[in-house]
Protein chains: 2
Amino acid sequence: MVTNMGRKLIENHNECPITHSMNIIGNKWTSIIVYVLANRKLRFGELAIRIDKISRKVLSNQLKEMELRGIVNRESYAETPPRVEYSLTKKGEDLLPILKQLCAWSKGIDLESGDESDCSTP
Amino acid sequence: MVTNMGRKLIENHNECPITHSMNIIGNKWTSIIVYVLANRKLRFGELAIRIDKISRKVLSNQLKEMELRGIVNRESYAETPPRVEYSLTKKGEDLLPILKQLCAWSKGIDLESGDESDCSTP
DNA sequence: TAAAGTAGTAACCAAATGGTAACTAATATG
DNA sequence: CATATTAGTTACCATTTGGTTACTACTTTA
């Protein structure tokens, strides 16, 4: 993955579409963030609470990357204490049904006994 | 990801379905292997040639992991020189349409000028 | 006898990714 | 004045993942 944070994302545009897809969603958090943000707007701190075990640094980096890619929307209000709200863009919403299929597909892999306990996402 | 090669795959079955999905396909090669194997049976060496830049070690590890997960099928013939053929299982085939959607979705992200040059996969 | 061809494996190393703890700025409240 | 609150950032470190090189075993062919 090309994750040169702070600067622009520089992608190799000759790469294969699968590699490209994986560069975008093939990491530990991106698709979880998309799921948590489904149908709602959340503040940075709320995201940090809802997504179990993510560090604020990584959350911050991911959100920045996703904003650059047009997956999430960032609205910042000049208040004190600061308020920043994140939501999905159209592109982000479009990913949801695909993620659902992926979850359905992966269900059952490596699982004899299906224990569907809770987590941050459906 | 829990990739303790050689032994069994031990997954945390309480994890969220998205994390689970990403543990399976969220790496550099798995979905590329699935794509390359679409509609055909290939030998180890053919896979190594068709998949640009993959090392034989990593290919070997991935295939082993995918076999354990029931995504690929391995048929080994006791000849000399040895012949081993890999193909997709039903589970593997089922992933293809999802990957296609993912590619369609990611097309256009980070791309102003759409250069659709070749790669190992459609 | 020597080389070629296949499917790996082992030891070792490099790069990418993720995590921790401490810190900042700005203002309101007690 | 001290403290709380929020959204981060910085410097540093740990883990995970991927890559390189050399090597094996077995048999056929030159």
Side-chain angles (χ1 to χ4, degrees), chain A residues 1-7 9-12 15 19 22-33 37 41-68 72-87, chain B residues 1-7 9-12 15 19 22-33 37 41-68 72-87:
Chain A
M1 166 122 54
V2 193
T3 306
N4 43 358
M5 298 303 336
R7 304 149 210 90
L9 293 171
I10 299 157
E11 298 282 340
N12 168 16
E15 76 195 351
T19 300
M22 284 307 138
N23 283 347
I24 298 170
I25 67 146
N27 62 56
K28 202 164 169 183
W29 301 111
T30 298
S31 43
I32 293 184
I33 294 172
L37 236 30
K41 191 175 279 201
L42 291 176
R43 301 178 60 166
F44 182 85
E46 294 175 310
L47 278 166
I49 289 166
R50 283 168 193 275
I51 301 176
D52 200 33
K53 305 253 170 77
I54 199 172
S55 72
R56 297 171 87 78
K57 179 195 114 180
V58 172
L59 177 57
S60 166
N61 288 169
Q62 290 290 342
L63 288 168
K64 229 183 280 181
E65 185 180 310
M66 293 169 78
E67 195 199 352
L68 270 173
V72 302
N73 224 298
R74 192 189 113 115
E75 299 167 89
S76 160
Y77 302 89
E79 306 169 355
T80 33
R83 178 161 58 106
V84 180
E85 292 183 333
Y86 292 91
S87 53
Chain B
M1 166 128 48
V2 192
T3 308
N4 43 358
M5 297 303 337
R7 302 150 211 90
L9 292 172
I10 299 157
E11 298 280 341
N12 168 15
E15 75 196 350
T19 300
M22 284 307 137
N23 283 347
I24 299 169
I25 66 147
N27 62 57
K28 203 165 168 183
W29 303 111
T30 298
S31 43
I32 293 183
I33 294 172
L37 236 29
K41 191 175 279 201
L42 291 176
R43 301 177 60 165
F44 182 84
E46 294 175 310
L47 277 166
I49 289 165
R50 283 167 192 276
I51 301 175
D52 199 34
K53 306 253 170 75
I54 199 171
S55 74
R56 296 171 87 78
K57 180 196 115 182
V58 171
L59 177 58
S60 165
N61 287 169
Q62 289 292 340
L63 287 169
K64 227 182 282 179
E65 185 179 312
M66 292 167 79
E67 195 198 352
L68 269 173
V72 302
N73 225 296
R74 192 190 112 114
E75 298 168 271
S76 160
Y77 301 88
E79 306 168 356
T80 32
R83 179 161 57 103
V84 180
E85 293 183 332
Y86 292 92
S87 54

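Computed from a predicted model, the values in this text were never measured in an experiment. Here is how names work: the chains are called A, B, and so on, in the same order as the sequence lines, proteins then strands, and each is numbered from 1.
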B:Asn27 CG to C:dA16 C1', in whole Å, measures 14 Å
Heavy-atom nearest pair, A:Asn27 first then A:Ile24, reads ND2-O, 3.7 Å
Side-chain contact check for A:Phe44: nearest option of D:dT27, D:dG8, C:dT20 is D:dG8
Answer yes or no: is there a side-chain heavy-atom contact under 4.5 Å between A:Glu46 and A:Tyr86?
no
From CD of A:Glu65 across to C1' of D:dT9 the rounded distance in Å is 17 Å
In whole angstroms, the gap separating P of D:dG19 from CG of B:Leu59 amounts to 11 Å
Ranking C:dT6, C:dG8, D:dG8 by distance to the side chain of B:Pro82, first place goes to C:dT6
Between A:Val58 and A:Thr80, the residue closer to the 5' end of DNA chain C by nearest nucleotide is A:Val58
Here the distance between atom P of C:dT6 and atom CZ of B:Arg83, to the nearest Å, is 12 Å
Heavy-atom nearest pair, B:Gly26 first then A:Met22, reads CA-SD, 4.3 Å
note: A:Ile54, atom CD1; C:dT17, atom C1'; distance rounded to Å ~ 12 Å
Separation of D:dG8 atom P from A:Glu79 atom CD, nearest Å, is 13 Å
Nearest heavy-atom contact between A:Gln62 and A:Ile33 is CB-CD1, 3.7 Å
Check your understanding: Can you find a side chain N or O atom of B:Arg43 that sits less than 4.0 Å from OP1 or OP2 on C:dT6?
Key -> no
B:Ile24 atom CD1 is separated from D:dT17 atom P, nearest whole Å, by 13 Å
Between CD of A:Gln62 and C1' of C:dA16 the distance, given in whole Å, is 13 Å
Checklist entry - Looking only at side-chain N and O atoms, does B:Arg56 come under 4.0 Å of OP1 or OP2 in C:dT9? => result no
Among D:dT9, D:dT5, C:dG18, the one nearest any side-chain atom of A:Lys64 is D:dT9
Minimal heavy-atom distance between B:Leu63 and B:Phe44, with the atoms involved, is CD1-CD1, 3.8 Å
### Message
Just N and O in the side chain of B:Lys57: are any of them under 4.0 Å from OP1 or OP2 of C:dA11?
### Response
no
For a quick check of understanding: with a heavy-atom distance under 4.0 Å over all strands, which category does A:Tyr77 fall into, base, sugar-phosphate or nothing? nothing
A:Ser76 side-chain N/O to D:dA7 phosphate OP1/OP2 under 4.0 Å
no
